[in-house]
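One structure is given below, encoded as structure tokens.
As the structure is a prediction and not an experimental result, all values here were calculated from the model. Just the heavy atoms: all of them, side chains too, but no hydrogens, waters or symmetry mates, feed the values below.
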Amino acid sequence: TVLLDEEPRAIIGVMPRGFTPAMQPGDVWVPLALGPEQIAPQLARLRVIVAIGRLREGVSVAQAADASNVVVQDLAREVPDVHRFTRAAVTPLREQLYGQHRGSLVLMFSAAVLLFLLACVNLASVTVSHALSRATETMMRRALGAPLGRLVRLRLVQSVLVASIGALIGLAVTSIVLAWLRSAFPAVVETYGDLTVDASVAMFVAVLALIAVVAITLPAWIPELRVA
């Protein structure tokens with residue numbers, strides 16, 4: 001137990017390191033439990049309350065909203081002057097946080113995808129031009145007995161190197177930008193939770209790098225195969 005405001009409180013859980021609650025930053029959370037001696041004066045002043053919870057498995061948002069409105073109806077019967085027109089609304093947390101920015105986020109994501117595709121097309125054209133310029137070398141290697149698989153692996157290694165460098169630069173720039181946002185706009189960043197470049201982000205970047213490798217290397221294999 002710990003003492004909060006000279007009152008002992010039992011610790012029922014500890015959040016993991018780095019946990020940032022959405023919309024309500026804090027170090028300690030206690031349940032909102034009002035006794036009979038507190039309900040009447042509290043209800044006279046309480047008009048809006050925001051709570052964040054996890055839905056039980058199998059319970060939909062609509063069912064949670066119906067259950068919440070049952071509580072509100074009980075309040076309306078107990079204190080009609082205050083809660084006659086009070087209603088409860090249940091909104092998914094993701095929609096509450098990002099719903100008003102959905103259009104901007106989709107536009108930014110679409111622009112990033114377009115930029116990624118343009119980069120792949122440009123690198124693929126450079127790779128094809130490089131492969132065509134080395135057609136004579138490829139024919140000599142094949143004439144000297146170089147396996148086709150070895151030539152393909154050579155092109156693949158070059159593409160992996162380019163994609164890896166691009167991925168590392170992207171991760172580094174992202175980390176720098178996030179650090180700047182935390183220092184320049186700390187309140188805004190905290191609203192969106194713990195924004196970090198973690199393993200999931202690195203995995204996503206690795207998948208994009210593999211896609212880029214395929215997009216860059218595959219067009220170059222065609223002239224290689226023709227020469228071979």
For Ala88 and Val72 the tightest heavy-atom approach is CB-CG2, 3.6 Å
Shortest non-hydrogen pair, Thr1 vs Ala10, comes out as CG2-CA, 3.9 Å
Any side-chain heavy atom of Val61 sitting closer than 4.5 Å to one from Pro92?
yes
Students should find that the hydrophobic cluster of Leu208, defined by side-chain heavy atoms under 4.5 Å apart, otherwise consists of Phe109, Val113, Phe116, Leu117, Phe204, Val207, Ile211
For Leu55 and Ala64, the nearest pair of non-hydrogen atoms, with its separation, is CD2-CB, 3.5 Å
Report task. Answer with yes or no whether the hydrophobic clustering places Leu115 together with Met108; edges join I, L, V, M, F, W, Y residues whose side-chain heavy atoms lie under 4.5 Å apart. Result -> no
Val30 and Arg9 have their tightest heavy-atom pair at CB-NH1, 4.2 Å
The side-chain contact (heavy atoms from CB on, under 4.5 Å) partners of Val106 (sequence neighbours excluded) come to Arg102, Ser110
Notebook entry, point to check: If you group Ile, Leu, Val, Met, Phe, Trp and Tyr by side-chain heavy-atom gaps below 4.5 Å, do Leu168 and Val173 land in one group?
Noted result: no
To the nearest 0.5 Å, atom OG1 of Thr174 lies from atom CG of Leu181 at 10.5 Å
Next on the checklist: Under the criterion side-chain contact (heavy atoms from CB on, under 4.5 Å), I'd like the reasoning laid out for Leu171 against Val205: C-alpha separation, chi angles, the key distance, then a yes or no.
Outcome noted: CA-CA 8 Å; Leu171 290 174; Val205 173; 3.7 Å; yes
Check your understanding: Any donor-acceptor pair under 3.5 Å linking the side chain of Asp198 with the backbone of Val201?
Key -> yes
Query raised in the report: Is there a donor-acceptor contact under 3.5 Å from the side chain of Gln63 to the main chain of Ser60?
Result: yes
Rounding to 0.5 Å, atoms CD (Glu78) and CG (Asp74) come to a distance of 6.5 Å
Joining Ile, Leu, Val, Met, Phe, Trp and Tyr whenever any side-chain heavy atoms lie under 4.5 Å apart, the cluster holding Val71 also takes in none
